[in-house]
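Atoms within each ligand, like the ligands themselves, are counted from 1 in listed order.
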Amino acid sequence: MNTLIRNARAIFFAPESSSPNTAAGNKSQQAAGDIRIRDGLICEIGTQLLPADDEQIIDATGCVVWPGLVNTHHHLAQSVLKGVPEGLNQALGDWLGSVPYRFWPKISPQLMYHAARLGLYELLRSGATTCADHHYLYHAGSSPEVEDAVWAAADELGIRLVLCRGSATVQGSHKGMLKHGIQPESVELLMQRMERSYRQYHQAGDNAMRRLVVAPTSLVHSATADDLRTLAAWARERQLKLHSHLLEVSFDDIQAQEKYGQRAIDYAASCDWLGNDVWFAHLVKSDEYTIQQLAASGTGIAHCPTSNCRLGSGIAPALAMENAGMNITLGVDGSASAESGSMIQELNLAWLLHRAVNGADATHAEQIIRWGSHNGAQLLGLNNCGDIAVGKAADLVLYDIGSPRFAGVHSEVIAPLLCAEPVSVKYSLINGRVVVNNGQVCGLDEAELVAEVRAGVADLLRSAG
Ligand SMILES: [Zn+2]
């Protein structure tokens with residue numbers, strides 16, 4: 001369907017770099033009212049564009065238009081594990097045992113499907129159009145239907161999905177795995193299963209809807225060095241990207257030193273796990289040396305400020321990383337440690353948090369929106385996404401700023417970042433297809449979703465004991 005978006009109050013154009021200077025900032029404020037979309041691509045941007053016969057019209061009166069937000073780290077399965085009482089006040093190590101590892105072997109394909117729908121719903125209604133889901137519900141006896149449920153949910157809602165295929169190939173990579181009797185996959189079984197996913201789901205191309213990424217759950221803990229090298233080679237043969245958790249807490253450095261006699265970052269390098277096709281979630285405990293190695297190799301970060309606050313892990317040095325040349329992107333992380341599941345929450349907190357530490361001019365709104373859109377798309381290799389420009393994929397979000405809570409804002413185009421949740425996405429388009437229509441996420445019934453999730457959680461609690 002070809003579309004003409006008309007009468008937007010303002011359109012956000014990302015500055016050409018994240019460098020927070022006034023000239024770049026001014027560019028984002030440039031107003032232009034209309035966007036024409038043909039065959040999924042933006043083909044014209046202007047004012048008072050005349051509709052063609054074959055176009056649907058979207059009235060953007062009262063809305064600001066942003067590029068769709070790109071979430072580079074999530075765990076959709078955790079959408080049914082919000083606020084688990086035992087984990088509410090625990091730090092990462094204990095929390096992993098009390099929350100995700102306790103429940104994940106018990107998550108059925110059906111519950112995974114509802115969890116994925118819920119997590120994707122939360123992303124869509126906060127302005128995301130792409131989700132990288134670090135999905136790790138695999139073990140020796142796991143069913144492929146659990147992963148299939150994630151792909152199916154994304155397909156039905158029309159959101160771009162990058163499935164980062166988690167794994168553990170060593171016994172007892174976390175005490176929670178041992179405690180809950182979870183048997184790891186062998187690396188041979190893992191590659192056999194990944195080959196199936198690759199053939200069935202992965203798409204190449206700069207605006208692909210489905211991508212597979214090789215993503216052992218924790219770089220230091222989930223695999224041997226040989227397994228990591230094997231996985232990196234397997235991924236690179238197929239031009240797949242690589243992702244994992246790293247340095248969320250200091251334990252990674254301590255363990256790397258104890259087990260391998262080197263810093264975590266040097267261990268990553270020795271396993272072929274640095275490069276411009278690699279990104280890590282968190283990297284909170286990165287010192288100057290680690291940042292240098294990451295930047296020099298082109299490795300990126302999914303910065304997840306809400307989860308890092310919630311688990312008391314600290315604040316990733318994202319500004320120092322950006323100054324060193326790293327690509328900074330934003331991730332919601334799982335809703336078991338970031339209950340809002342909202343990309344706007346993540347942008348707002350990133351904007352504020354680095355100011356609290358570094359001063360009022362440390363972050364700029366345009367820079368943060370760029371982290372959450374352009375940078376994320378580049379990181380995932382979706383090179384035709386993440387920007388509003390002629391020729392780019394039409395991944396667009398129309399935030400309605402007509403309600404009282406946005407009234408009085410002088411800088412309207414950045415109002416959703418400044419005022420934060422609750423935001424109101426009136427329309428959202430992905431590859432030109434409408435996925436949020438007049439405030440409703442297409443393809444699901446909200447009341448049904450809540451009922452399915454509640455029933456699924458009740459079953460899960462019964463089976464987990
Ligand atoms: Zn994570």
K.L.:
Test your reading of the model: is there a side-chain donor-acceptor pair from E339 to the backbone of G83, 3.5 Å cut-off?
P.N.:
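It does hold such a pair.
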
K.L.:
Between the Zn ion (ligand 1) and H134, is there an N, O or S atom separated by less than 2.8 Å?
P.N.:
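Not a single backbone or side-chain N, O or S atom of H134 is under 2.8 Å from the Zn ion (ligand 1).
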
K.L.:
Report yes or no: does H282 have an N/O/S atom closer than 2.8 Å to the Zn ion (ligand 1)?
P.N.:
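So H282 does not count as coordinating the Zn ion (ligand 1).
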
K.L.:
So, N327 side chain and G300 main chain: donor-acceptor pair closer than 3.5 Å or not?
P.N.:
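Flag not set: sc N327 to bb G300 has no pair under 3.5 Å.
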
K.L.:
Just checking: H73, one of its N/O/S atoms, less than 2.8 Å away from the Zn ion (ligand 1), yes or no?
P.N.:
yes

K.L.:
Would you tell me whether S142 and R193 have side-chain atoms, one donor and one acceptor, within less than 3.5 Å of each other?
P.N.:
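Yes, R193 and S142 have a side-chain donor paired with an acceptor closer than 3.5 Å.
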
K.L.:
Of all N, O or S atoms in D333, which has the smallest distance to the Zn ion (ligand 1)?
P.N.:
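Restricting D333 to its N, O and S atoms, the minimum distance to the Zn ion (ligand 1) goes to OD1.
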
K.L.:
Ring centres of H245 and H221 under 6.0 Å apart?
P.N.:
no

K.L.:
With distance as the sole test, does S126 use its side chain to make a donor-acceptor pair with the main-chain N or O of M343 at under 3.5 Å?
P.N.:
yes

K.L.:
So, 2.8 Å as the limit: is an N/O/S atom of E248 located closer than that to the Zn ion (ligand 1)?
P.N.:
no

